[in-house]
Amino acid sequence: MKREPGLLDVLGRAVLLLCALYFSWGTAFYITKAIYARIAWAPHGLIDFFINTTLGFVFFFIIGVVVVRLSKDRNQHVFMEMIDALKRISQGDFHVNLDWGFGDRKERQGRPHPYAQLANSINDMAANLKAMEELREEFISNVSHEIGSPLTSIIGFAKALKDDHLDREQRDRYLTIIETECTRLSKLSENLMKLAVLDSERYPFHPSPYRLDKQLISLILACEPQWEAKNIEMTVEADEVEVNADEDQMSQVWMNLLHNAIKFTPDSERISVSLSHNGEEAVVRIADTGPGIDEQDQQRIFERFYKADKSRTRTAGGSGLGLSIAHKIIEMHRGTISVNSRPGAGAVFTVQLPLH
């Protein structure tokens with residue numbers, strides 16, 4: 001929207017115009033006086049006024065042309081730089097940093113100069129696109145690595161199965177490894193598709209009231225064969241809490257957190273799950289007695305493909321996507337998920353979910 005000029009703008013322009021007029025007619029007056037003195041001529045007053053007025057208008061016109069031309073050249077230079085920067089961005093060059101010298105200039109209302117705002121906007125756009133490109137390259141690299149590793153194992157053991165001298169035990173072991181790697185690839189593909197749909201915001205989202213405590217207890221019982229096989233002591237303290245959320249999506253969150261807790265908790269250790277409500281939020285804590293997580297890893301643990309211990313998650317069959325999916329679903333529900341841990345002291349994952 002075009003800004004209407006204020007009183008100070010009008011007064012400023014009037015002062016500049018008067019100064020230009022005084023300068024033009026003053027210059028014309030001194031030049032004509034010098035010429036009259038040199039040629040020893042004293043023209044009639046009316047003729048002198050006409051000559052000074054005409055010459056003053058000529059000087060005023062010249063000043064106007066020069067000012068407009070300088071301003072036009074300056075603006076053209078600015079816009080040519082802007083067009084060049086946009087062309088570079090469109091070609092994938094995000095190392096753009098425009099500085100037209102307007103950073104310290106402000107309009108009379110104290111706002112930044114329009115050219116400074118334009119330069120900052122282009123610089124911000126280039127920086128954001130650069131960050132997105134780096135994330136895309138890292139994502140492709142991680143996907144390639146996660147797909148390449150199991151494929152290498154599958155190809156290697158498939159070739160080994162061609163050996164007619166393999167005994168039955170070796171053959172079964174190789175087939176089991178191939179089956180495990182295929183299952184991992186299938187799970188990776190499923191998680192990637194799930195993340196893509198969640199990012200596109202086309203994932204079906206159907207919140208409805210339900211009892212969160214009943215859902216947690218049901219999922220813990222569904223995981224009983226896994227924690228019983230490791231002789232893990234499972235303790236549950238759940239208040240009666242009703243939330244308004246998508247039950248299917250939240251089921252994925254709890255299953256991811258429970259599977260991680262079971263996966264990294266040693267045999268004959270303990271996992272505790274608690275549910276309470278704090279004002280307008282439900283608070284779920286899932287604590288294990290596993291190896292814990294370093295502080296630097298805690299800051300990145302919800303990033304895609306990030307693994308705090310790559311060798312441990314590799315043998316456990318993880319892809320580094322479960323916590324990313326959980327984080328995305330919790331964000332969709334306007335909640336938060338965090339981790340508190342120390343190496344050797346286990347980890348506590350806390351989910352805060354709005355009740356309504």
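What you see below is based on every heavy atom in this structure, not just the backbone, and it leaves out hydrogens, waters and symmetry mates. Residue numbers run from 1 in the order of the sequence given.
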Could you tell me whether the side chain of [Y] reaches within less than 4.5 Å of the side chain of [X], counting heavy atoms only?
X    : Y    : value
I337 : L257 : yes
V284 : L212 : yes
R342 : I293 : no
I232 : D267 : no
L355 : V241 : yes
E233 : T235 : yes

Minimal non-hydrogen separation, [X] against [Y], with atom names:
X    : Y    : value
A238 : D213 : CB-CB, 4.0 Å
Q170 : D167 : N-OD1, 2.7 Å
A282 : V243 : CB-CG1, 4.0 Å
P354 : G335 : CD-CA, 3.9 Å
L161 : L166 : CA-CD1, 3.8 Å
G346 : S341 : O-OG, 2.6 Å

Separation between [atom1] of [X] and [atom2] of [Y], rounded to the nearest 0.5 Å:
X    : Y    : atom1 : atom2 : value
H327 : T336 : NE2   : OG1   : 8.5 Å
Y174 : E169 : OH    : CD    : 10.5 Å
R211 : L275 : CZ    : CG    : 9.5 Å
R285 : S338 : CZ    : OG    : 8.5 Å
S324 : I329 : OG    : CD1   : 11.0 Å
I154 : K159 : CD1   : NZ    : 13.0 Å

Flag if over 12 foreign heavy atoms under 6.0 Å of [atom1], [X]:
X    : atom1 : answer
Q226 : CD    : yes
R88  : CZ    : yes
H277 : NE2   : no
R171 : CZ    : yes
E331 : CD    : yes

Taking [X] for the side chain and [Y] for the main chain, is one N or O donor matched with an acceptor at less than 3.5 Å?
X    : Y    : value
K230 : I262 : yes
W227 : I271 : no
S251 : E247 : no

Same cluster (ILVMFWY, side-chain, under 4.5 Å), [X] and [Y]:
X    : Y    : value
I286 : V283 : no
V339 : L258 : yes
F157 : I155 : no
V351 : V348 : no
M255 : L323 : yes

message = If only side-chain N and O atoms count, and only distance matters, is there a donor-acceptor pair under 3.5 Å linking E242 with Y210?
response = no
query = Does the side chain of N231 pick up a donor-acceptor pair with the side chain of S268 at under 3.5 Å?
reply = yes
request  = Before giving the answer on side chain to side chain contact (heavy atoms under 4.5 Å, CB included), spell out for L353 and M250 the whole-Å C-alpha distance, their side-chain angles and the decisive distance to 0.1 Å.
outcome  = CA-CA 10 Å; L353 192 67; M250 293 308 302; 3.9 Å; yes
ask   = Considering the options H206, Q252, M332, which one meets the side-chain contact (heavy atoms from CB on, under 4.5 Å) requirement together with D246?
value = H206
inquiry  = Assess whether a salt bridge exists between D172 and R168, defined as any Lys/Arg side-chain N lying under 4.0 Å from an Asp/Glu carboxylate O.
reply    = yes
inquiry  = side chain to side chain contact (heavy atoms under 4.5 Å, CB included), that's the test. Do L185 and L151 meet it? Break it down for me.
reply    = CA-CA 8 Å; L185 276 176; L151 282 178; 3.9 Å; yes
